[in-house]
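As structure tokens, the structure follows; a few thoughts come after it.
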Amino acid sequence: MERQVLARMGDGSLVATTRDQIRADLEEGTQAAAARGMMAPLAADELDHLLDIYASSARFTGVDIGAEVVLSKDGSGTPQLGSRIDALYACEQVLAHDTVELFHIDYSYKAVKTIVPFEQQFMKEAQERLTVPVHYGAQPDLGRYSAPDGPCGNWSELLPALKIDEARAAQEEAVALAVDDMVYVAESLWEAGADGLNFDTAGAAGDADFLATLRAVETLRARHPEMGIMVGMAAEMVLGTHGRLEYRGTRLAGLKPAGQLAVVAQAGATVFGPAVNTVTTRSVAWNSARALTFVKPCMAAATIPIHMNVGMGVGGMPMHAFAPVDAVSRASRACVDILRLDGL
Amino acid sequence: MFGMDVAHSCASGMNGLRAAGDLVARLQMAKGMRITQAKRYVADRLGVTPLDLSDNTAMHELRGELRLGRVFETESSYYADPSPLEAKWHIAELLELPINSVERFRAGLSCAGPAAPATAKDRP
């Protein structure tokens with residue numbers, strides 16, 4: 001009888017399985033991405049390496065000495081660490097973050113706009129207390145611009161009613177408003193000393209959300225050549241909630257990580273963060289193989305650093321707020337070993 | 001935070017101010033440098049190998065010597081180490097990389113006479 005191995009599911013639960021089952025999960029995971037993304041599956045030697053990582057009985061694993069990468073941390077800090085600035089300082093001094101990110105709990109550029117002078121004050125203080133780069137981050141969050149929260153029509157209601165033109169017009173109206181807000185907030189935090197801006201979960205509300213992000217980045221790059229700009233995605237595929245939107249001739253709906261990277265780089269970002277969502281009913285081995293397959297085409301094409309999203313529910317990580325270290329360390333190592341990422 | 005941040009830092013991170021992860025991160029974010037290029041750039045500036053950049057025992061001493069800022073703990077007292085803005089000033093010089101907060105700090109020093117040079121090579 002084959003020896004049992006403990007493994008994680010995508011929801012974080014611990015299950016008993018076998019090395020053969022993990023191998024099967026890895027193969028199914030990469031094939032699932034290859035079929036959905038119309039891309040090549042992982043190579044046999046890559047799957048073998050993943051099998052060694054995921055079938056290990058070790059509680060913790062890590063990359064080889066010397067193969068470490070930069071960890072750009074979104075949303076740094078936690079309430080137990082004191083004030084927001086104290087938390088950033090603890091992240092630098094105690095937790096050894098390579099970068100930290102000041103953020104507001106309502107992680108939306110639209111929401112932050114109303115309190116931006118106070119965020120500027122926090123940024124100024126953070127810059128005086130920390131040595132590592134302090135970024136500012138929030139989400140484009142285009143849905144906030146639709147009724148009842150915002151002034152535009154609600155495309156999530158218009159589309160099911162088959163009011164396609166109205167839905168598209170509402171999204172186009174929202175894009176213009178979101179670009180203004182993102183540029184305003186970003187420039188305000190840059191003025192307060194930020195080392196860079198993070199546009200996190202871009203495309204969460206679909207192709208219009210992504211277009212707004214690209215236009216904001218383009219504007220900021222033109223005005224601030226020195227500004228560090230990171231764009232992190234929401235998913236492995238851009239949803240076509242509008243369907244016809246393009247950026248410099250590229251249709252945004254349906255873009256996968258390599259296509260997302262191309263337009264993000266064109267817009268002028270300096271770091272790109274692909275995201276592949278976790279399927280909670282499958283093992284983390286299956287999810288890791290699937291995520292790596294989706295992101296792999298980015299690596300050869302990249303002209304800017306790739307910091308893959310490997311947080312809660314993305315990049316082969318369990319969808320659990322309190323992630324187990326065995327799953328985190330395996331996903332962390334798998335991403336760096338297989339993809340030769342620039343960061344996470 | 002324990003499961004996510006600490007685990008990632010230990011499994012694959014460059015460990016920020018404990019080593020030289022913050023310096024490599026600055027090159028990536030400001031200049032869009034890929035990891036190999038950014039590590040090489042920082043290593044050359046520090047006079048070490050890329051392998052040393054994640055070695056906290058090597059980098060702790062070097063950061064102290066070059067006044068780039070470093071971590072401290074209960075057993076250590078680095079009262080003469082630079083303040084964060086001073087450390088970032090030195091980092092900007094070392095990497096020949098303008099740092100936004102340093103530039104703004106320097107711009108506010110008008111009462112202290114002419115602004116200091118932006119980078120080491122600008123020095124007379």
Side-chain angles (χ1 to χ4, degrees), chain A residues 60-63 65-73 78 80 91-99 127-135 190-191 193-196 226-228 230 269-271 302-305 307 310-312 317 322-325 328-329 332-333 335-336 340-344, chain B residues 1-39 49-56 68-73 82-88 91 97-105:
Chain A
F60 200 87
T61 189
V63 303
I65 294 173
E68 299 89 350
V69 298
V70 169
L71 303 185
S72 52
K73 181 70 181 72
T78 184
Q80 295 95 327
C91 288
E92 173 193 270
Q93 288 283 330
V94 182
L95 303 179
H97 286 191
D98 294 316
T99 72
Q127 290 293 343
E128 289 172 349
R129 284 193 63 192
L130 277 84
T131 304
V132 303
V134 182
H135 302 149
W190 181 249
E191 190 181 327
D195 290 292
E226 306 291 336
M227 182 185 284
M230 180 184 306
T270 46
V271 177
T303 55
I304 58 175
H307 285 203
V310 193
M312 181 174 65
M317 291 280 290
F322 305 95
V325 297
V328 177
S329 63
S332 201
R333 180 182 174 193
C335 290
V336 176
R340 302 294 169 200
L341 289 166
D342 302 280
L344 301 174
Chain B
M1 174 154 272
F2 173 82
M4 188 71 74
D5 296 20
V6 176
H8 270 311
S9 286
C10 292
S12 64
M14 292 195 68
N15 289 180
L17 205 61
R18 275 173 58 87
D22 59 319
L23 308 182
V24 178
R26 285 194 182 280
L27 270 299
Q28 288 198 332
M29 191 65 170
K31 297 292 185 186
M33 280 190 193
R34 307 274 324 253
I35 187 77
T36 304
Q37 183 189 9
K39 281 186 174 180
T49 70
L51 181 66
D52 295 320
L53 299 178
S54 307
D55 179 358
N56 69 292
L68 304 178
R70 52 184 169 171
V71 295
F72 66 93
E73 293 186 354
S83 68
L85 273 174
E86 186 185 348
K88 285 188 278 192
I91 291 169
L97 179 75
I99 293 178
N100 190 20
S101 58
V102 174
E103 296 297 310
R104 293 178 189 281
F105 177 67

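Numbers restart at 1 for each chain; the letters A, B, ... are given by sequence-line order, proteins then strands.
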Non-hydrogen atoms of chain B under 4.5 Å away: do they reach the side chain of [X], the backbone, both or neither?
X	value
V310(A)	both
A67(A)	backbone
T99(A)	side chain
C91(A)	side chain
L130(A)	backbone
V69(A)	both
V271(A)	side chain
E191(A)	both
M317(A)	side chain
L341(A)	backbone

If you apply the rule side chain to side chain contact (heavy atoms under 4.5 Å, CB included), what do you find for N15(B) with E68(A), and how did you get there?
CA-CA 9 Å; N15(B) 289 180; E68(A) 299 89 350; over 6 Å; no
Locate the shortest heavy-atom distance separating [X] from [Y]; write the atom from each residue and the value.
X	Y	value
D22(B)	P133(A)	CB-CD, 3.7 Å
A194(A)	N100(B)	O-ND2, 2.8 Å
T131(A)	I91(B)	CG2-CD1, 3.8 Å
V325(A)	G3(B)	CG1-CA, 3.9 Å
G66(A)	L51(B)	CA-CD1, 3.5 Å
Q127(A)	S101(B)	OE1-OG, 3.2 Å

In Å, rounded to the nearest 0.5 Å, how long is the span from [atom1] of [X] to [atom2] of [Y]?
X	Y	atom1	atom2	result
Q28(B)	D342(A)	CD	CG	5.5 Å
I304(A)	K31(B)	CD1	NZ	15.0 Å
L95(A)	R18(B)	CG	CZ	10.5 Å

Who among L85(B), L17(B), D55(B), N56(B) has the most heavy-atom pairs with chain A under 4.5 Å?
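Answer, by heavy-atom pair count under 4.5 Å with chain A: L17(B).
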So which of A87(B), P84(B), G21(B) has the largest heavy-atom pair count under 4.5 angstrom toward chain A?
P84(B)
Would you check, one step at a time, whether the test side chain to side chain contact (heavy atoms under 4.5 Å, CB included) holds for M14(B) with L71(A)?
CA-CA 7 Å; M14(B) 292 195 68; L71(A) 303 185; over 6 Å; no
Give the member of [options] that has the highest number of heavy-atom pairs under 4.5 Å with chain B.
options	result
G343(A), P305(A), A269(A)	P305(A)
Q93(A), H307(A), E128(A), K73(A)	Q93(A)
V328(A), V134(A), V63(A)	V328(A)
M227(A), H135(A), Q80(A), R340(A)	H135(A)

Evaluate the side chain to side chain contact (heavy atoms under 4.5 Å, CB included) criterion for residues R333(A) and S12(B): first the C-alpha distance (whole Å), next the side-chain angles of each, then the deciding distance (0.1 Å), finally the verdict.
CA-CA 6 Å; R333(A) 180 182 174 193; S12(B) 64; over 6 Å; no
Which bit of [X] is near chain A, if near means a heavy-atom gap under 4.5 Å: side chain, backbone, both or neither?
X	result
M4(B)	both
R34(B)	both
L68(B)	backbone
V24(B)	both
F72(B)	both

Applying side chain to side chain contact (heavy atoms under 4.5 Å, CB included) to D5(B) and T78(A), what does each step give before you reach the verdict?
CA-CA 11 Å; D5(B) 296 20; T78(A) 184; over 6 Å; no
If you count heavy atoms of other groups shown closer than 6.0 angstrom to CZ of F322(A), is the number above 12?
no
